[in-house]
Q: 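Before I ask anything, here is the structure I am working with.
Heavy atoms only: backbone and side chains are in, while hydrogens, waters and symmetry mates are out. In the text below, chain A, chain B and the rest are named by the order of the sequence lines, each starting its count at 1.
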Protein chains: 2
Amino acid sequence: MLTIGALAKKTGTKVQTVRYYEQIGLMPEPGRTEGGQRRYHTAELDRLSFIRHSRQLGFTLDAIRELLKLSDQPDKSCHEADEIAQRQLNQVEQRISRLEALRKELKRMVKECSGGHTGDCRVLEVLRDHSECLTDHNEIGA
Amino acid sequence: MLTIGALAKKTGTKVQTVRYYEQIGLMPEPGRTEGGQRRYHTAELDRLSFIRHSRQLGFTLDAIRELLKLSDQPDKSCHEADEIAQRQLNQVEQRISRLEALRKELKRMVKECSGGHTGDCRVLEVLRDHSECLTDHNEIGA
DNA sequence: TCTTGAACCTCTAGCTGCTAGAGCATGTAT
DNA sequence: ATACATGCTCTAGCAGCTAGAGGTTCAAGA
């Protein structure tokens, strides 16, 4: 029987976050003591570990909800889980290439800066005029 | 004299976003018609372009605030602007390496999945047990 | 058994950076 | 004069938490 604090600690989660997961239905409502405090079993620890690990891998809470559901039906085809992971992989790859374009642009900006006055700072100049950019970077909406 | 709609269009911004920037003090309060509609000059167009371009490069609104301030003082040393850009570059690089660790892990997960039932799906298995991971990925807080 | 104090409880509000919608006013073209 | 696209303000919502106020419970030590 774990308190919420112990559960949080074991999974590297904040106590508030655990309650938040319960609130949005990602974690089940646990049993309570007579005084009204939450007490957790190992099953809930496993579930939270799953959630946290999935978050670390960048899955959204909605995706995690799906994955948890699938995980509870061991006889179902693995196809859906696979697809969710594949989708996540694609997104990660997209974000990487966007960030790489950014990196390139930022590197160039910083490198070209002469270290003089802001009046002729390359950094500010580039920001002022997109046409000076080489790549089609776009982090907004990434 | 541009309407807010024209300004938004020219900079690839949504009208609401322009008003939002004004609200948080990133854009100045523009002149108004007798009826109370905003009208913009070229200076404001330039400023919004600067903001948008900086956003595309991933700068936070706070960083942009700084950059704009510096940009208004052409005699000041370029050092600070440089530093902000360098910081942004570092962040981008950190994010890239985190995402690359993720990609690796996700790729492995997807590849190892046999396509059978969820009961022995590698994807779900890996999510259940972090110790199966090779890398120290962590997207949370990235 | 009593007392302390850390950990728990609920509830509300805030973070970033927008975005959407309701309900109404303005501006411009015909 | 009229239509209607665009403008206005205000409020609320998105993800995924996080922090704080103000109060209660639990477990360990005296």
Q: Going by ring pair (Phe, Tyr, Trp, His ring centres under 6.0 Å), name the residues that satisfy it together with A/His130, two or more places apart in sequence or in a different chain.
A: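 Applying ring pair (Phe, Tyr, Trp, His ring centres under 6.0 Å) to A/His130 gives A/His137, B/His53.
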Q: Do side-chain atoms of A/Gln91 reach the backbone of A/Gly58 as a donor and acceptor pair under 3.5 angstrom?
A: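 No, because the side chain of A/Gln91 does not come within donor-acceptor range (under 3.5 Å) of the backbone of A/Gly58.
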Q: Look at all strands and tell whether B/Arg52 reaches a base, only sugar-phosphate, or nothing, counting heavy atoms closer than 4.0 Å.
A: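 If one applies the 4.0 Å heavy-atom cut-off, B/Arg52 turns out to touch the sugar-phosphate alone, with no base involved.
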Q: Can you pull out every ring pair (Phe, Tyr, Trp, His ring centres under 6.0 Å) where at least one residue sits in residues 56-108 of chain A? Sequence neighbours excluded, please.
A: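 Checked against ring pair (Phe, Tyr, Trp, His ring centres under 6.0 Å) - neighbours excluded - no pair reaches residues 56-108 of chain A.
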Q: Figure out the CG/P separation between B/Leu26 and C/dT16, and round it to whole Å.
A: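 The answer, rounded to whole Å, is 13 Å.
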Q: Rounding to an integer number of Å, can you tell me how far A/Gln23 CD sits from C/dA13 P?
A: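 For the pair A/Gln23 CD and C/dA13 P, the rounded distance is 14 Å.
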Q: Do any side-chain atoms of residues 62-75 of chain A form donor-acceptor pairs under 3.5 angstrom with protein atoms, and if so which ones, sequence neighbours left out?
A:
| from | atom 1 | to | atom 2 | distance (Å) |
| --- | --- | --- | --- | --- |
| A/Arg65 | NH1 | A/Ile24 | O | 2.9 |
| A/Ser71 | OG | B/Arg128 | NE | 3.4 |
| A/Ser71 | OG | B/Arg128 | NH2 | 2.8 |

Q: With a 4.0 Å cutoff (strictly under), does any side-chain N or O of B/Thr17 reach OP1 or OP2 of C/dT19?
A: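 Yes, within the criterion.
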Q: A/Ile51 CD1 to D/dA15 C1': how many Å, rounded?
A: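 It is 16 Å, rounded to the nearest whole Å.
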Q: Hey, does B/Tyr21 reach any base, or is it just sugar-phosphate, or nothing, if we go heavy atoms under 4.0 Å?
A: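 Since only primed, P, OP1 and OP2 atoms lie under 4.0 Å of B/Tyr21, the category is sugar-phosphate.
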Q: Kindly say if B/Lys14 contacts the phosphate of C/dA20, meaning a side-chain N or O under 4.0 Å from OP1 or OP2.
A: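 For C/dA20, OP1/OP2 do have a side-chain N/O of B/Lys14 under 4.0 Å.
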Q: Round to the nearest Å and state the distance from B/Phe59 atom CZ to C/dG17 atom P.
A: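 Roughly 13 Å, once rounded to whole Å.
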Q: Take nucleotides 6-11 of chain C nucleotide by nucleotide from the 5' end and write B, S or -, depending on whether a protein heavy atom sits under 4.0 Å from the base, only from the sugar-phosphate, or from neither.
A: --SSB-
Q: Report yes if a side-chain nitrogen or oxygen of B/Thr33 is closer than 4.0 Å to either non-bridging phosphate oxygen (OP1 or OP2) of C/dG27; otherwise report no.
A: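 Yes.
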Q: How many whole angstroms separate atom OH of B/Tyr20 from atom C1' of D/dG7?
A: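 From B/Tyr20 OH to D/dG7 C1': 21 Å.
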Q: Does A/Glu44 pair with A/Arg38 as a salt bridge, N-O distance under 4.0 Å?
A: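 A/Arg38 and A/Glu44: not salt-bridged.
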Q: In whole angstrom, give the distance that lies between atom CD of A/Glu139 and atom P of C/dT16.
A: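 Computing the A/Glu139:CD to C/dT16:P distance gives 17 Å.
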Q: Grab the CD1-C1' distance between B/Ile24 and C/dT19 for me, whole Å please.
A: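 Taking CD1 of B/Ile24 and C1' of C/dT19, I get 14 Å after rounding.
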Q: Could you give the side-chain donor-acceptor pairs of residues 14-21 of chain A under 3.5 Å, partners two or more places apart or in another chain?
A:
| from | atom 1 | to | atom 2 | distance (Å) |
| --- | --- | --- | --- | --- |
| A/Tyr21 | OH | A/Arg52 | NH2 | 2.7 |

Q: Check the phosphate of C/dT16 against B/Thr60, side-chain N and O only, distance under 4.0 Å to OP1 or OP2. Yes or no?
A: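 Looking at the OP1 and OP2 atoms of C/dT16, neither is under 4.0 Å from any side-chain N or O of B/Thr60.
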Q: Rounded to the Å, how far apart are A/Met1 CE and D/dC26 P?
A: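 To the nearest whole Å, that distance equals 13 Å.
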Q: Identify each donor-acceptor pair in which a side-chain atom of residues 101-110 of chain B lies under 3.5 Å from a protein atom, sequence neighbours left out, and give them as a table.
A:
| from | atom 1 | to | atom 2 | distance (Å) |
| --- | --- | --- | --- | --- |
| B/Glu105 | OE1 | B/Leu134 | N | 3.3 |
| B/Glu105 | OE1 | B/Thr135 | N | 3.1 |
| B/Glu105 | OE1 | B/Thr135 | OG1 | 2.7 |
| B/Glu105 | OE2 | B/Arg108 | NE | 3.3 |
| B/Glu105 | OE2 | B/Arg108 | NH2 | 2.8 |
| B/Arg108 | NH2 | B/Glu132 | O | 2.6 |

